[in-house]
Structure formats: structure tokens, C-alpha cells
Amino acid sequence: MKYKSLNSNSELVDFETAVKTGLAKDGGLYFPTNVQPIDESFIKNLDKKTNHEIAYEVIKQFVGLSINEADLKKIIKKTLDFEFPLIDLEKNIKVLELFHGPTLAFKDVGARFLANCLSHFNTKKESVVLVATSGDTGAAVANGFLGIKGTKVIILYPGGGKVSEIQERQLTTNGENIIAMKINGVFDDCQKIVKTAFTDKDLNKKLNLTSANSINIARWLPQSFYYFFAYKELLKTNKDFVFSVPSGNFGNICAGLMALKLGLPIKHLIASTNINDTVPVYFKTKKYLPKPSKQTISNAMDVGNPSNFIRILEIFDNNYDQLTSKMSSFSFNDKETLEAISKVYNDHDYILDTHGAVGYLGLKKYLKKNSKEIGVFLETAHPIKFADHIEKEIGISIDMPERIIALTKKEKKYIDINNYKEFKKYILNLNS
Ligand SMILES: *Cc1c(COP(=O)(O)O)cnc(C)c1O
């Protein structure tokens, strides 16, 4: 399997190179060439397979010859050591819970897979992993890389209360090889610094930079597993099914589209967003107009210019009609999100988080017109991560998992950064 850059189609690289560099030299995102559908009989017998077997089958062609079979299986085992329960919520509506990993959000799978791959490739020169985060990515990446030899991780997160208290603690209390930078700006400013760093000749001469955002294929592609895991449970129903994915940078839903390309019979995918509605607007108007991100209560989706959208266009050969036949996108505001949390709590005694609630709303909207299908929405974080908003809305307190209690006792450590110049100065002096 080779990867091309989505900026030019010139440079073809293997999995190892794409993972180590994160972004192509021309600044483009890597994209796999020649994706082969998985054997149909494997998919028909998914309910007889373990999660580890499924993950291996899904990812092996993307890894190609870069990692041997035994080592890849070990990496999968280390990555997937928790559950992905599919819960019945309402008639024809199910929740796929993706928050049972160590940092209580779905990003643990991609972050751990990436960390283990980089550790496997273990170059002599230390890898400096850059990661821009609106909250959850940084936590998952820090946890995945903590103590991994030959890596240093720099997390850039927006200051001014744009990440929740628990998220900030997850980002800033790691120590060892993890450094947190609090950026004076919004998430898009963090992302811009990371993107600029990759095209900065001085930095790249001195450091082995890589990205741990979903622009890195080793973080993005393993997210396809979730859709197969859900299908394993749905296989027997013999009904058409659709997924609603709470979306910010559109990495997760783009992995769902990859699952479709691999032959998983998904009828339709719904990208549900908060008021950062660049993609829903594109679906309506055919015009892609990125804009600055706005702060919401589902902060992991406060993205005004989603990195992975270009990959989605590539999957559909830039054909708008094909795209809209397989995918929809809807946006919801904070008030609607909180109302959904209340309603689901009152009706079903189930506590949604602010992101999952947006996914739920998108699914409901779609099913209104497509009532025969089974809908699955992805619950991407544990509600405790956004407890302030949720507790105020439903008037109860959410039980704090043990892991989180331990965090509240640790001291926060971060570096304040105002602009690219300050960032560059800091990281050029990293090892001196
Ligand atoms: C990151 C995140 C999202 C958005 O995922 P993308 O892949 O960026 O679209 C949604 N919900 C939660 C809780 C997240 O952490």
C-alpha cells in the first residue's frame, strides 16, 4: 500500500514514512492509493470474529510491509484492551459507546495505535510529536505516548477556558516526555502553528517532527474499527443501518467512509456538528467556506476548517452527487444539545455527553425521513468530561471515575505561548 499527498500526486510513500512524517513534504494530507475491499465472507461472518481479528483484517492492507504480522497483532492487542458496547436506547436507535479507554474519549484507539507504531519504528533520532487539541486529542495522545522511549510530545491547546477543567488536567499533569503549551487563541490557531511547523525548514532540519492529529494516517485509519465492531452486533438484524457521528475535524466520520469503501454495508452516514457548520453549509450550498471556530459546549468539535474534509472529497472523487447520496450533515446549537441531554435522561435514564447529544440529534433528524433504518450514533466521550454543563441541565451529579479523582490531586504544568515565533523559539531550544 502506497500513500499519495492530496496536494500533488507526485510523492508516493509507504506506511512507515507516512506515519513518521505525518504530513507530506508539500503540506498535503496522505491518502491511501488502491484500497481493496475486505473479503465478503469475512464481513458476513463478522459476528464470529474477535475485535482483535477484525482490527487486523481491517488495518493490514494499510500497513502493508511496514510492520510484520506478529508485531502488528501485538500492537492491536495493546491498542484494544477495552470494550465498545452497543446499547439499545430507543426503538431502532442504538448508542455505540467509545469512551471506555483510559482518557474516556474515542481518541484513545487512534492515539495508542499511533504511539505503538512509532515506538515499533523506533528511529535513532527522537521523534517530536506535535498535536493541536481542542481537548480530547491531547489527552489521548499524552496517555498513549507517556513514557514511550524516543518520543517527545508537544500538546498545543487553546487557553481561556476553551477546554474543560478535567481536560486541562489530563493535558498538563503528565510530566516525563509530555509538554503542554497553552496557546493564546482558539483551536484553529493551535492547528495553524502545527501546520506551519511542518513546512518550516529550520525546524525540520533540526528535529524529527511528526503529527499526532488525525492528519496522521495511524491515528485516522484505526477509527474504522468502530464501525465494524458495531456491525458485528447488527449483522443478525438484517436491516439497513446508518451511523451518526459527532464531527469536528471529520477524522472519525472519514474513517467510517473508509469502512464503507472496505465493503461494510453502511446505508448512510450523518456528520452531526455544533454551530461550527462549515460542512453542513457545504452540503446545502456546494460551497466550502472555512471560518473561525466558535466556542460551544461540545468543544472537541469547535473546528471551523476541518482538516479531514479534503479526504472525504477524495473518497467520493470530488463528486458532490455521490457524496450527498451516501452522507448528510446537520448542525445543532447548544440549546438544542442541552434539551436532547434532558430528554434522553428523562425518557431513558441515560446520560449523554455534549458531543454524543449532537450525534443523537443528527440521527433523529435523519430518521424522521428514513424511519425503516436502524440508527447508531457514536457516543464519543464520557459525560464526566463535560460535567459542568450536563449536571446543570439535568440536576444530578455524575459519578467520577477513579482515574479522574486521581487527576484532581495533581499540579497543572504548561507553557504560555502567544504566537508562532514564541513556539519556534521554544522548540528549537528543546534539547539544548
Ligand atoms: C475529537 C472529538 C470529536 C470529533 O471527532 P473528529 O474526528 O475530529 O470529527 C467528537 N467528540 C469528541 C468527544 C471528541 O473528542
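Whatever order the structure lists ligands and atoms in, that order sets their numbers, starting from 1.
Side-chain contact check for Asp200 and Tyr420: at least one donor-acceptor pair (N or O, by modelled atom type) lies under 3.5 Å. Side-chain polar atoms of Asn92 and Glu373 form no donor-acceptor pair below 3.5 angstrom. For the 3.5 Å distance criterion, the side chains of Asn305 and Gln191 fail to qualify, holding no donor opposite an acceptor.
Taking the side chain to side chain contact (heavy atoms under 4.5 Å, CB included) definition, one finds that Ala218 meets it with Phe15, Val19, Phe113, Leu114, Asn216, sequence neighbours left out.
Here the straight-line distance linking atom NE2 of His355 with atom CG of Asn274 works out to 7.5 Å at 0.5 Å rounding. How far CD1 of Ile183 is from OH of Tyr157: 9.0 Å, rounded to the nearest 0.5 Å.
The protein heavy-atom contact nearest to atom 5 (O) of ligand 1 is Phe106 CZ, 3.5 Å. Asn252 N, 2.9 Å is the protein heavy atom nearest to atom 7 (O) of ligand 1. Looking only at heavy atoms of the protein, atom 4 (C) of ligand 1 is closest to Gly248 N, 3.6 Å. Among protein heavy atoms, the minimum distance from atom 13 (C) of ligand 1 is reached at Asp136 OD2, 3.1 Å. Looking from atom 12 (C) of ligand 1 to the surrounding protein, the closest heavy atom is Thr380 OG1, 3.3 Å. Among protein heavy atoms, the minimum distance from atom 8 (O) of ligand 1 is reached at Asn249 N, 2.8 Å.
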* Asked: After noting the C-alpha distance and the side-chain angles of Lys20 and Glu16, does the key distance pass the salt bridge (Lys or Arg N to Asp or Glu O under 4.0 Å) rule?
  -> CA-CA 6 Å; Lys20 279 187 187 162; Glu16 176 169 354; 2.7 Å; yes
* **Evaluation steps, side-chain contact (heavy atoms from CB on, under 4.5 Å), between Met258 and Phe62** => CA-CA 11 Å; Met258 198 46 93; Phe62 295 105; 4.0 Å; yes
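Here Lys107 has side-chain heavy atoms under 4.0 Å from ligand 1, and that is the only part of it that gets that close. At a heavy-atom cutoff of 4.0 Å, ligand 1 is contacted by the side chain of Met301 but not by its backbone.
The residue from Lys410, Lys385, Lys182 that alone fulfils the salt bridge (Lys or Arg N to Asp or Glu O under 4.0 Å) condition with Glu168 is Lys182.
Annotation: Phe386 places no N or O atom under 3.5 Å from an N or O atom of ligand 1; distance criterion only. Looking at Gln223 next to ligand 1, no N or O pair under 3.5 Å apart turns up. Distances between N or O atoms of His355 and those of ligand 1 include no value under 3.5 Å. Any N or O atom pair closer than 3.5 Å counts here, and Thr137 shares no such pair with ligand 1.
Residue contact check: Gly251 has heavy atoms under 4.0 Å from atoms 6 (P), 7 (O), 9 (O) of ligand 1.
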